[in-house]
Amino acid sequence: MPHDPSDPTRRIEPHFETEAPVSGGIAARALAARQQAMQNAPYLEGLNPEQRAAVETLEGPVLVLAGAGTGKTRVLTTRIAHILTENRAFPGQILAVTFTNKAAREMKERIGHLIGGNVEGMPWLGTFHSICVKILRRHAELVGLKSSFTILDTDDQLRLMKQVIQAEGLDEKRWTARAFASIIDGWKNRALTPDQLPEGEARGFGNGKGRKLYEEYQDRLSVLNAADFGDLLLHTITLFRKHPDILADYQRRFRYMLVDEYQDTNIAQYLWLRLLAQGNPNICCVGDDDQSIYGWRGAEVDNILRFEHDFKGAVVIRLERNYRSTSHILAAASHLIAHNEGRLGKTLFTDLADPDAERVQVANVWDSEEEARSIGEEIEALQAKGHRLNDMAILVRASFQMREFEDRFVTLGLNYRVIGGPRFYERMEIRDAMAYLRCVAQPADDLAFERIVNTPKRGLGEATLKIVHALARAERIPLTEAASRLCQTEELKPKARTSLKGLLSDFDRWRGQLETLPPGELAEIILDESGYTEMWRQDRSAEAPGRLDNLKELSHSIGEFESIAGFLEHVSLVMDRDGGPGDDAISLMTLHSAKGLEFDTVFLPGWEEGLFPHQRALDESGRAGLEEERRLAYVGITRAKRRAKIWFASNRRIHGLWQSTVPSRFLEELPEDQVEIVEQGSGYGGYGGGGFGSYGPSRFDNRDPFRSSYSTPGWQRAQKARAEAGSSGRSSGSGFAGRATLSERGRREGPKTIEGELVAKSVSDAPSQFSTGERVFHMKFGYGHIATIEGNKLTIDFDKAGRKRVLDSFVERP
DNA sequence: TCATTGTGGGTTTTT
DNA sequence: CCCACAATGA
């Protein structure tokens with residue numbers, strides 16, 4: 001631990017040596033410290049009594065049940081500040097675990113603010129995984145790895161599993177690598193090593209070969225000196241179990257333990273925590289059982305439900321005072337979540353009286369298209385009243401729902417931002433580039449080698465690779481090693497041999513530059529000399545320029561690291577997405593990725609049976625699945641600070657087929673008093689209007705006279721036709737608001753907008769007047785080049801705004 | 001080695 | 001319906 005006197009954290013360190021004070025006058029000392037803290041601990045000010053209790057109850061197990069918006073992070077960070085200020089422990093004696101890097105970063109930052117200094121001295125604040133890596137690097141040999149082990153990403157895992165499945169001679173279609181990956185994941189989430197698998201489960205996969213495959217996979221990992229994400233926890237648990245001395249060491253070290261988002265822990269994480277807490281009961285878990293939405297990836301709500309049972313003498317503190325939302329929103333959310341049985345029970349409340357507060361709104365639309373249109377109108381109306389797009393979000397259940405909104409926003413010229421989705425480090429070109437770097441920095445990295453050996457094409461196809469593989473496996477040596485041996489022999493075709501030789505000597509040359517060149521520069525050299533950048537420059541496809549940009553960005557960010565190795569370590573654990581708030585834009589994301597965020601206005605579309613709650617959750621997990629879906633709804637509503645607006649459509653296209661839908665049961669579970677049923681301003685004619693305004697057993701029933709009795713495909717087609725006729729008809733009748741906004745922007749005259757929409761529907765395959773590559777101008781997005789054309793829909797790479805899909809009627813030649 | 005056709009699957013995602 | 005991926009043929 002650093003003891004630099006200039007280090008600002010220095011002044012918060014205790015006066016004692018390595019052991020924290022546990023005995024001898026502790027009571028007196030604690031009292032004195034507390035009194036001092038009460039007097040001059042600004043960080044305690046403004047905490048409500050429950051928060052304060054959560055901060056000050058330092059000894060023994062504590063469960064803080066922190067409802068949405070009740071100041072959970074504040075409690076966690078203040079608690080750490082409190083431990084430090086009261087001299088209960090060194091920074092290095094506090095273990096604080098989070099799930100995401102983002103959460104860890106935020107905590108570090110906020111602690112820094114609280115105690116006024118940096119928190120470099122908190123080495124054990126991080127994600128479960130990063131802390132495990134830290135531990136494993138020290139004791140790697142004890143779990144069959146070398147300290148330099150690499151961490152595989154999902155892509156590498158899949159390829160490895162595929163090899164294992166092939167090696168066992170199984171049918172790859174019947175037993176896919178993907179399925180195997182999720183099964184192994186499940187095993188690792190429950191901390192099951194191959195020998196611990198229950199017989200039934202072991203037989204369930206791969207014609208009864210499950211255990212064998214798992215063993216093989218683990219074996220391959222260890223030969224590669226690699227670990228997957230699950231291994232990081234699993235190996236640490238194994239380490240702790242097999243080496244009580246090492247465990248005792250960590251138990252002694254961690255005087256205080258804090259866990260964020262405890263409701264998201266899986267069994268392995270729970271066991272990991274329990275092992276550490278056995279030596280020292282000062283564990284504080286913070287979480288909200290009502291926000292447990294990750295059961296499908298191994299999270300055990302039971303962990304939080306059973307806390308008092310698992311940690312004897314636990315104190316449970318409930319944070320129910322909400323600082324985020326209006327009372328209407330809280331009432332709606334509370335009412336809904338009260339329908340869950342498996343919960344510890346909390347009721348959120350707020351003291352903030354807000355006479356202008358809007359009730360939660362529920363609106364019905366004919367189909368998803370009208371849903372998008374109507375939400376678009378609401379957004380524009382709010383915008384006109386001075387609300388910023390940054391303060392609004394659309395939260396969907398499934399990502400396919402996003403497309404309709406994107407299309408709509410593009411037509412409206414409304415700035416939007418999709419949160420989530422494929423991340424920077426998951427893009428193909430970035431993975432390829434990183435594979436090159438891995439080959440150079442880690443010569444034994446077979447997976448990286450395989451990935452790029454023939455990218456760009458250099459005549460090293462399957463045939464060559466097979467030979468290299470055979471030798472590598474026979475000799476148990478890395479592929480690069482096998483390749484270089486083969487270059488000495490006549491086994492390969494001359495062409496392949498020359499090419500392979502060239503690649504290997506490139507690797508050697510770059511390795512020689514590892515020490516001398518700055519990492520960013522070297523990365524660029526590697527990508528250039530390997531021909532990788534050239535490959536994309538030659539590529540005429542629309543994505544190529546973007547990929548080149550990404551590569552540039554990559555070598556730029558490598559420049560910020562000490563070494564390439566340091567960069568790789570960072571990336572394998574910190575798969576952060578880039579991009580901050582940026583311009584004013586509405587956020588579009590799934591309910592899952594909205595957890596932890598908040599917005600003034602939240603739009604919640606798609607509340608229909610089958611979609612939300614999702615049919616598959618019901619089918620696969622029954623009541624537990626339904627409850628998790630309900631928690632997801634709860635998360636969605638509680639994201640809203642001032643306005644929550646829920647939509648459900650009467651018809652939705654599912655797998656290409658139009659289906660009439662039933663309103664979500666969650667709508668019935670909202671409290672009548674806080675909810676307002678809205679007739680869409682966009683005019684909603686006769687459809688379903690009959691059921692509105694009057695509450696009853698099924699207040700959201702559309703009363704469509706046809707729905708219940710007709711469900712043949714032919715009838716559905718007829719309904720669809722009717723919907724389309726209806727929608728354009730409605731547009732002319734009541735779509736004036738939308739059109740006015742458009743023409744105010746000076747884009748098009750009103751009628752043309754409608755024409756545009758009609759055109760979009762009816763003659764979408766008419767040839768466009770534009771051609772690919774042409775430079776065009778768009779009112780909202782500026783200049784750009786046409787990437788692709790489908791009918792009258794253009795995909796354009798804008799200079800500033802990036803790639804967008806727009807209707808051709810909105811662009812013109814410059 | 002590449003382009004085309006066929007097939008299957010379609011919820012949520014972090015490390 | 002639409003996308004991604006795998007097998008197939010030139």
Side-chain angles (χ1 to χ4, degrees), chain A residues 97-104 126-133 151-158 162 171-174 176-179 181-182 185 188-189 227-234 260-261 264-266 268-269 292-299 368 395-403 419-423 425-426 428 454-464 495 569-577 589-596 606 610-621 625 628-629 631-633 635-636 652-659 713 720 790:
Chain A
V97 260
T98 64
F99 272 85
T100 63
N101 293 299
K102 191 177 160 214
T127 61
F128 276 102
H129 296 269
S130 67
I131 288 168
C132 285
V133 170
I151 300 156
L152 299 190
D153 61 27
T154 0
D155 211 53
D156 294 329
Q157 280 177 52
L158 281 175
K162 206 166 170 181
D171 176 6
E172 277 177 85
K173 275 187 194 150
R174 177 79 183 78
T176 63
R178 193 164 288 284
S182 82
D185 220 46
K188 291 187 176 177
N189 283 339
D228 63 21
F229 283 114
D231 283 342
L232 298 177
L233 271 147
L234 193 47
D260 191 16
E261 305 276 23
D264 288 340
T265 49
N266 58 35
Q269 286 154 342
S292 164
I293 54 173
Y294 286 113
W296 50 274
R297 68 178 195 207
S368 52
L395 311 182
V396 297
R397 172 67 244 264
S399 43
F400 74 83
Q401 292 173 263
M402 292 188 193
R403 230 182 91 176
I419 313 278
R423 285 162 297 164
Y425 290 111
E426 279 167 8
M428 187 210 317
N454 203 27
T455 312
K457 303 271 182 285
R458 36 173 89 86
L460 299 171
E462 228 166 296
T464 314
K495 242 183 169 173
E569 166 87 17
H570 171 81
V571 166
S572 58
L573 281 173
V574 184
M575 302 273 275
D576 268 348
R577 50 196 115 207
M589 70 189 95
T590 63
L591 286 159
H592 283 91
S593 27
K595 197 172 89 170
L611 177 58
F612 192 36
H614 200 280
Q615 193 56 48
R616 230 162 122 166
L618 303 181
D619 291 346
E620 283 169 17
S621 319
E628 182 154 315
E629 295 286 294
R631 291 192 290 265
L632 201 50
V635 166
R652 193 172 288 274
R653 200 161 50 171
I654 299 164
H655 303 330
L657 293 170
W658 280 96
Q659 310 230 245
K720 188 195 168 203
E790 308 127 80

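Rounded to whole Å, atom P of C/dC1 lies 20 Å from atom CD of A/Gln401. Spacing between atom CD1 of A/Ile654 and atom P of B/dT11 amounts to 11 Å, rounded to whole angstrom units. Distance A/Arg616 CZ to B/dT13 C1': 15 Å, rounded to the nearest Å. Whole-Å rounding puts the A/Glu620 CD to B/dG10 P distance at 9 Å. Remark: C1' of B/dG10 and CG of A/Leu611 are 13 Å apart, rounded to the nearest angstrom. In this entry the distance linking CG of A/Asp185 with C1' of B/dT12 reads 14 Å, nearest Å. Spacing between atom CE of A/Met589 and atom P of B/dT13 amounts to 11 Å, rounded to whole angstrom units. Taking atom CE of A/Met402 as the reference point, atom P of B/dT11 lies 14 Å away to the nearest angstrom.
Comparing A/His655 and A/Thr590 along DNA chain B, the residue whose closest nucleotide (by nearest heavy atom) sits nearer the 5' end is A/His655. Each of A/Thr154 and A/Trp296 lies near DNA chain B, and the nucleotide nearest A/Trp296 is the one positioned closer to the 5' end.
Without hydrogens or angle criteria, A/Asn189 side chain to A/Arg297 main chain gives a donor-acceptor distance under 3.5 Å. Side-chain N or O atoms of A/Glu628 include one that pairs as donor or acceptor with a backbone N or O of A/Gly295 at under 3.5 Å. In this structure, the side chain of A/Asp228 engages the main chain of A/Asp231 through a donor-acceptor pair within 3.5 Å.
Of the candidates B/dT13, B/dT12, B/dT15, B/dT15 carries the atom nearest the A/Thr100 side chain, counting heavy atoms from C-beta on. When distances are taken from the side chain of A/Lys457 to each of B/dC2, C/dA7, B/dT13, the shortest belongs to B/dC2. In this structure, of C/dC2, B/dT12, C/dA7, it is C/dA7 that holds the atom nearest to the side chain of A/Lys173. Closest to the side chain of A/Arg397, from the set B/dT12, B/dT14, B/dT1, is B/dT12. Comparing B/dT1, B/dT11, C/dC2 by their nearest atom to the side chain of A/Ala398 picks out B/dT11.
The gap from the C1' atom of B/dT12 to that of C/dC5 amounts to 22 Å, rounded to the nearest Å. One C1' atom belongs to C/dC2, the other to B/dT13, and the distance between them is 23 Å to the nearest Å.
A close approach under 4.0 Å does not occur between any side-chain nitrogen or oxygen of A/Asn101 and OP1 or OP2 of B/dT14. Within the structure, every side-chain polar atom (N or O) of A/Arg178 is placed at least 4.0 Å from both OP1 and OP2 of C/dA6. Between A/Lys162 and C/dA6, a side-chain N or O to OP1/OP2 separation shorter than 4.0 Å is present.
The aromatic ring of A/His592 is not stacked on the base of B/dT12, since the criterion of ring centres less than 5.5 Å apart with planes inclined by under 30° is not met.
Nearest heavy atoms, A/Phe229 versus A/Asp153: CE1-CA, 4.5 Å.
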A/Met402 and A/Thr590: CA distance, side-chain angles, deciding distance, side-chain contact (heavy atoms from CB on, under 4.5 Å) verdict: CA-CA 9 Å; A/Met402 292 188 193; A/Thr590 63; 3.8 Å; yes
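Checked against a 6.0 Å centroid threshold, the rings of A/Trp296 and A/His614 do not count as neighbours.
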